[in-house]
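These notes are about the structure you will find just below.
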Amino acid sequence: MKIEAGVLERADGSAYLEIGGNKVLAAVYGPRELHVRRIMRPDMAVIRCRYNMAPFSVGDRKRPGPDRRSVEISKITADALRPAVFLEKFPRSTIDIFIEILEAEGGTRCAGITAASVALADAGIPMRDLVVSCAAGKANGNVVLDLSENEDKEGEADLPVAIMPRSGEITLLQMDGHLTSEEFDKALNLAVEGCKKINEAQKEAIKNRYGEENG
Amino acid sequence: MVNIVPEITRKSITELIKKGERADGRSPNDYRDISLEVGVIEKAEGSARVKMGNTQIMIGIKPQIGEPFADTPNVGVLMTNSELLPMASPTFEPGPPDERSVELARVVDRCLREGEVIDLEKLCIIEGEKVWMIFLDLHVLDYDGNLMDAAVLGSVAALLNTKIPVAKVEEDNVVIDEENSVELPIKEKPLMCTFAKIGGELVIDPSLDEENIMDARISIGMREDGSLCAMQKGGEMPLTNEEIKEAINITSQKTKELREHLK
């Protein structure tokens, strides 16, 4: 696993993340003026997110442009990050998050959220905590952490989770598959433990960029 | 979003160029630092990440088997597509490709195709029925000027790095042998140089600030033997015959330097 903050010149904040076979780039613009009046909030900023997969990131070329899957992931990513940001500090503006999956190997939505949260911090946006995401699941009858592409396709369940580690509050929870109540408890605990490990790497990336005194 | 350049920036850049200097300390015919990595995406059959100054583009190659065009039944297909990602600049917006993105893809496509980078006839599997289609995707990650030269350089590097599976014909069916792969039949290595005209002078590899204030732009694609394979003029002002000839002369020297990065 590798996380690096501040990798792009133009973006206000950016982060690059490699986890397993995933390579993810996230960039943040804002807070900036919002041109779409319809979604403007007079008392706070809005967060918009675009999750996109590169055509060359998967085995068979993916046609460029949004599909149903990427639209859903964009939405849940924005939802997962929103609770961490002090939105009320920036009324009538927008914070735009762009996530590019350059190479995909299972668990890209979690990688995207983890990277985007580092990019938000790199952009200097005030936050309650970093958001970190990790999936647990069930494959071959066992509850396991961070399913690979094959485990995800053939496994029995997938449970992506995002948390704010300081409070332990959960900002993303999805489930796809079949689990007993006990298995769910086990999987959720496992995912939270995984998140905490990744969170250390996030903090490290920000410290590397800005030095110990600001960490 | 309209790019507004302060008058003072415009003036200082123009004054410097008139004196033969540039805002970032380069001389008129210097490129910014170039870095080129290949094989960066394992899932892509070929890939490259190119940086020209702060401009950064990721290029991925994906082959697919498809049908040839009716007028060229024995020729494979090279498709160039570009995406100006909204992360690359505050002026790029999500959505269908705008005219800048289409121009970039088409100019790069012309330079590669007319520069005969691949011997496309060797990509024919069954004449009139099955050929290899090579998809080249330009993923612009960071925009700090001169996308075209970076895109062509990175594309050629990615194509040189590409390995496609072996396709065999068995009883009129195409069988793909994923175990064995071959390099693409590379024929030529065309490259492109772009110049901006500012204050009546030409400067190579314009930075974003220079692009924002330039009067005109000329991009020249050239093969290794010095023959031309693509040109594109841009910008609002005209160019003279002499300026275009000067640009061609400089291109023939500078493409030699750029070609060193492909070794």
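Throughout, protein chains are lettered first and strands after them, A, B, ... in sequence-line order, and every chain is numbered starting at 1.
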Distance from [X] atom [atom1] to [Y] atom [atom2], nearest 0.5 Å?
X        : Y        : atom1 : atom2 : answer
A:Phe56  : B:Asn81  : CZ    : CG    : 10.5 Å
A:Lys62  : B:Phe135 : NZ    : CZ    : 13.0 Å
A:Glu100 : B:His139 : CD    : NE2   : 4.0 Å

Quick one: salt bridge (Lys or Arg N to Asp or Glu O under 4.0 Å) partners of A:Lys89, sequence neighbours excluded? none
May I ask you to check if B:Arg49 and A:Tyr16 form a cation-pi contact, with NZ or CZ under 6.0 angstrom from the six-membered ring centre and within 45° of the axis? yes
List the atom of A:Arg10, the atom of B:Pro90, and the distance in Å for their closest heavy-atom pair. NH2-CD, 3.5 Å
Polar side-chain atom of A:Tyr29 near backbone of B:Met87 as donor-acceptor pair, under 3.5 Å: yes
Are there more than 12 heavy atoms of other residues, nucleotides or ligands under 6.0 Å from atom [atom1] of [X]?
X        : atom1 : result
A:Arg41  : CZ    : no
B:Met79  : CE    : no
A:Glu88  : CD    : yes
B:Asp33  : CG    : no
A:Ile39  : CD1   : yes
B:Arg106 : CZ    : no
A:Arg92  : CZ    : no

Among residues 42-55 of chain A, residues within the sub-4.5 Å heavy-atom range of chain B, in order of number, are A:Arg50, A:Asn52, A:Ala54, A:Pro55
What part of B:Leu141 lies closer than 4.5 angstrom to a heavy atom of chain A: side chain, backbone, both or neither? both
Interface check, chain B: of A:Asp60, A:Leu102, A:Ile97, most non-hydrogen pairs under 4.5 Å belong to A:Leu102
Passing option when B:Asp142 is tested against A:Val7, A:Leu25, A:Leu8 for side-chain contact (heavy atoms from CB on, under 4.5 Å): A:Leu8
Spell out the residues in residues 156-166 of chain B that have some non-hydrogen atom less than 4.5 Å away from a non-hydrogen atom of chain A, in order of number; otherwise answer 'none'. none
Please step through side-chain contact (heavy atoms from CB on, under 4.5 Å) for the pair B:Thr55 and A:Glu9, ending with a clear verdict. CA-CA 8 Å; B:Thr55 288; A:Glu9 171 69 17; over 6 Å; no
Using distance only, find each side-chain donor-acceptor pair of residues 37-45 of chain B under 3.5 Å and give its atom names and separation, not counting sequence neighbours.
{"unit_1": "B:Lys43", "atom_1": "NZ", "unit_2": "A:Ala104", "atom_2": "O", "d": "2.5"}
{"unit_1": "B:Lys43", "atom_1": "NZ", "unit_2": "A:Glu149", "atom_2": "OE1", "d": "2.7"}
{"unit_1": "B:Glu45", "atom_1": "OE1", "unit_2": "B:Lys62", "atom_2": "NZ", "d": "3.2"}

